[in-house]
Q: 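First, the structure itself, so that you have it in front of you.
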Protein chains: 4
Amino acid sequence: MQVTDGRSLAAQARRAQIVDAAIEVIAAAGFAQCSFGRIAKHAGLSSTRLISYHFEDKNELIQAVVDTVLGEATRYVQPRIAATADRRAALAAYITANLEFLHDHPTRIRALVEIFAGARNDDRLTTSDTPRAVAIDFFRAGQREGVFRRFDPEVMATVLRAAIDAVAMQPDVDHAAYTGELVELFDRVTRADPAPGDAPRLTPAGSGDEPRHPRRAADRGTERTDR
Amino acid sequence: MQVTDGRSLAAQARRAQIVDAAIEVIAAAGFAQCSFGRIAKHAGLSSTRLISYHFEDKNELIQAVVDTVLGEATRYVQPRIAATADRRAALAAYITANLEFLHDHPTRIRALVEIFAGARNDDRLTTSDTPRAVAIDFFRAGQREGVFRRFDPEVMATVLRAAIDAVAMQPDVDHAAYTGELVELFDRVTRADPAPGDAPRLTPAGSGDEPRHPRRAADRGTERTDR
Amino acid sequence: MQVTDGRSLAAQARRAQIVDAAIEVIAAAGFAQCSFGRIAKHAGLSSTRLISYHFEDKNELIQAVVDTVLGEATRYVQPRIAATADRRAALAAYITANLEFLHDHPTRIRALVEIFAGARNDDRLTTSDTPRAVAIDFFRAGQREGVFRRFDPEVMATVLRAAIDAVAMQPDVDHAAYTGELVELFDRVTRADPAPGDAPRLTPAGSGDEPRHPRRAADRGTERTDR
Amino acid sequence: MQVTDGRSLAAQARRAQIVDAAIEVIAAAGFAQCSFGRIAKHAGLSSTRLISYHFEDKNELIQAVVDTVLGEATRYVQPRIAATADRRAALAAYITANLEFLHDHPTRIRALVEIFAGARNDDRLTTSDTPRAVAIDFFRAGQREGVFRRFDPEVMATVLRAAIDAVAMQPDVDHAAYTGELVELFDRVTRADPAPGDAPRLTPAGSGDEPRHPRRAADRGTERTDR
DNA sequence: AATGAATGAGAGTTCATTCAT
DNA sequence: GATGAATGAACTCTCATTCAT
């Protein structure tokens, strides 16, 4: 009976199975319809009792879904941002990676958005270090460096997250097209106004042209996390 | 028993009362918690029977909520758009009016967003002439006129609506600040790139400077509706 | 649809039926076993839903049981006390009437005692004007009049109520014997010590010998209520 | 693995730990809420399995609680009674010792009372030699000796136990005051009526004045046990 | 136009217990 | 001696809806 995080391997596997079933139910039928009964049926469990055995209550299950998907997304996005060399490339990479992950795992992200849309404050979901907060810090840093123009970082973060989340709920999406458009859009709207006769255009994410304001090591920690 | 739309005045008043109660419940507790029981209690009705008496089923009630709020918003926004003289001013007016209405009637818009976030396709909500569709047409027209640059109108419409709806769910919002930021943001990102030595900047909504491409009458009908 | 207390006659009858069934279940099986399911089965109802239709929740049902039985007991005991002419006779009448009611309606009182023994403070049972409080006031008044000796009224009230309630839970009780014994016991222990050469003995309740300290009208209100 | 009563020392310790946890849960939350789950959580056990491992079923656990507390109380009370020289002093000592133990171990006695109030006959609690039975024998013996007047020993025993148990459930009790009052009360109500010109008053427990009817050795065994 | 009464289905949660090891 | 996994039954409560007036 090997134990890793205070739970046996068997228990971890069961929890993962239940979490996966919950994700699929939420993505397919919505947060409101995500009952233990539906999850049990979807996962092929004999009774709902197995769910309440492995999770303290429904909140803990939903929290596990959030933590799982958020963790997966972070592990996907973070290295791609770390690989960039400047703010504008990092912003492009952030959008690109988010939409790629969303393209590869549409149900998981849709479940996440459903939960955030459907859960109330009294459900006590803990989303420490929310993606929006991370984005705000990122924009602030870029403004200090002079890479970004003077906009309200909170507003911009709200719009950025709203735009990405909206894609998750859109039924038939051309992800490549959306990616290009959003990268262009947010580059246009964040970059510092060029000095006359100087018009650097952002090339698509990953092209790796030299940044004018290379990111300092000190900033690295800030944008590691994403939604 | 005077009749206007197939319903007596008394019945219309009752329906309005119930719709208002539903709006308040949804805005306060979320779409998921919006049961007949809650609505009845909130409205001070002795039983839920009164609700199912005036509405065929829950879908019809929710549909009535959507139609009511959407109608109110349209009647608020549309004249403010019609009063503008060019596309860019119209876009600014659209954003401004939306956020103004949202500021004046936060619960009503929040209820709307909750419904759209929480309702599923199988709930058969008919949102003919959706705000997003209107926005798409608007952007297309602006591109034909040469006022807007070449972006994907569907993506832009998605982002525009997502940004506005996000404000509705934000807890403590400085509406004036958000308005200014969003107007600036969407002007920046939609306007055609200036020819060299030519840089018209959008002045705040309502300033009424002469448009370069006056809107044609033929377009008028299209953007009348909003969210 | 005649209405008396905000409820139709039919609803009142249903509630009474359910309350009666609850009383019988509690008396027979204990407070802990008093589930909606048991009550429904005992009352011959098709589902528990009928119970939760007529009562807001389980607390309200239990509260209704308490109010019902307490009301019945009060209506039985109070006139018998009012008919007495002095404190000592009133005390005897109080005990006698309590045990008589208990003899005639053993299940109802047993249900009451079960509830008070089994319910916790967080169940929010409101027993304003508790029998113990009434007894305390009664003893205090008797002491002021000089009829009762100097004992702690709170302790005496606790013992008096405990003694009566204990009878309710005793399986095979000779009520007549218990009545005589308790009357004698509490008379002995409460009456003022006689002056030398003066030994008034209490004759059994209802014998109607002249009291030394006739109760004043002003006191009448105090001992109206019983458990 | 040393064995004393058919169980190893380790097993005995575990059982004692579980019994203690059960006592605390019952005293704090009531008999109805005393589930294996609550006990396990309170005792810091990882699962309820440990409880059902050490106890055949719930009845055995509750029986163990009763035996434990009853044994403790007996070991506390019995010597204090044995140290007295006559019936009336013994009665005073009985009350005094009971309330002292109750004062020192309020949760344990409260748990006991909760169990007796909440448990049903079908729970098969064996309380051989119940405190009430002991008290009956005690009163009978005192009557034979002429120390106690002619009352019904069963009624008196019921009242005595009810009075003591009631103190256990009273929230904020002045134990010293209650002790004095109860001693005085039960002395008054049990003692033989004095012959004219002869008025022996009971002095507080332990004063050790010579009894008129010294207890015979044959009675000693009877009143050893208490509740 | 309005209402009371009733209902079956399903929600999450708790329960003591059994089967393994 | 101790434990994890699993389970069926029962719990209170909420749901939208139907049948009567």
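Lettering of chains follows the sequences in order, A, B, ..., and the numbering in each one begins at 1. Predicted model only: the values in this text are computed from it and were never measured.
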Q: B:Ser35 or D:Leu50: which one's nearest nucleotide on DNA chain F is closer to the 5' end?
A: D:Leu50
Q: May I have the distance from A:Leu61 (atom CG) to E:dG12 (atom P), rounded to whole angstrom?
A: 10 Å
Q: Please examine the side chains of C:Val69 and C:Ile115, heavy atoms only from C-beta on, and report whether any two atoms are closer than 4.5 Å.
A: no
Q: To the closest 0.5 Å, what do you measure between CD1 (D:Ile23) and CD1 (D:Ile62)?
A: 9.5 Å
Q: Can you measure D:Leu45 atom CG to F:dG4 atom C1' for me and round it to whole angstrom units?
A: 14 Å
Q: What is the distance, to the nearest angstrom, from the CD atom on A:Gln33 to the P atom on E:dG10?
A: 12 Å
Q: Need the pair for E:dG12. Rule: Watson-Crick or G-U wobble, both distances under 3.5 Å, any strand; none if unpaired.
A: F:dC11
Q: Side-chain contact test, heavy atoms from C-beta onward, threshold under 4.5 Å: evaluate it for B:Glu60 versus B:Arg15 and give yes or no.
A: yes
Q: Between C1' on E:dT3 and CZ on B:Phe55, what's the gap in Å once rounded to a whole number?
A: 17 Å
Q: My understanding is that a pair needs two contacts under 3.5 Å, Watson-Crick or G-U wobble. By that rule, which nucleotide pairs with F:dT3?
A: E:dA20
Q: Please pick, from E:dT17, E:dA1, E:dG4, the nucleotide with the shortest atom-to-atom distance to any side-chain atom of D:Thr48.
A: E:dT17
Q: Base, sugar-phosphate alone, or nothing: which one does C:Ser46 contact when heavy atoms must sit under 4.0 Å apart?
A: sugar-phosphate
Q: Expressed as a whole number of angstroms, how long is the span from A:Lys58:NZ to E:dG10:C1'?
A: 12 Å
Q: Taking the nucleotide of DNA chain E with the nearest heavy atom to each, does A:Arg38 or C:Tyr53 sit closer to the 5' end?
A: C:Tyr53
Q: The side chain of A:Arg49 lies closest to which of these nucleotides: E:dC15, F:dT12, F:dT14?
A: E:dC15
Q: Which residue, B:Ser47 or A:Cys34, contacts DNA chain E at a nucleotide closer to its 5' end, judged by nearest heavy atom?
A: B:Ser47
Q: Would the distance check show the side chain of D:Arg110 and the main-chain N or O of D:Ala168 forming a donor-acceptor pair, the cut-off being under 3.5 Å?
A: yes
Q: Using the side-chain heavy atoms of A:Ser8, tell me which of these nucleotides is nearest: F:dA6, F:dG4, E:dA11.
A: F:dG4
Q: From CD1 of D:Ile51 over to P of F:dT3, roughly how many Å is that when rounded to an integer?
A: 11 Å
Q: Can you check the A:Asn59 CG to E:dA11 P distance for me, whole Å?
A: 17 Å
Q: Pairing check on E:dA1: which nucleotide meets the Watson-Crick or G-U wobble criteria with it, both distances under 3.5 Å?
A: none
Q: Assign C:Phe36 to base, sugar-phosphate, or nothing according to its heavy-atom contacts below 4.0 angstrom with the strands shown.
A: sugar-phosphate
Q: Select base, sugar-phosphate, or nothing to describe what C:Ser52 touches, counting heavy atoms under 4.0 Å on all strands.
A: base
Q: Closest approach to the side chain of C:Arg14, judged atom by atom: which nucleotide of E:dG8, E:dA6, F:dT17 is it?
A: E:dA6
Q: Can you check the B:Ile39 CD1 to F:dT14 P distance for me, whole Å?
A: 16 Å
Q: What's the closest nucleotide to the side chain of C:His54 if the choices are E:dC15, E:dA6, F:dA2?
A: E:dA6
Q: Less than 4.5 Å apart, side chain to side chain, heavy atoms only: is that true for B:Arg108 and B:Asp20?
A: yes
Q: Side chain of A:Asp57 only, please: which of F:dA2, E:dA5, E:dT13 is the nearest?
A: E:dT13
Q: With no hydrogens and no angle check, is any side-chain donor or acceptor of D:Gln12 less than 3.5 Å from a backbone partner on D:Arg7?
A: yes
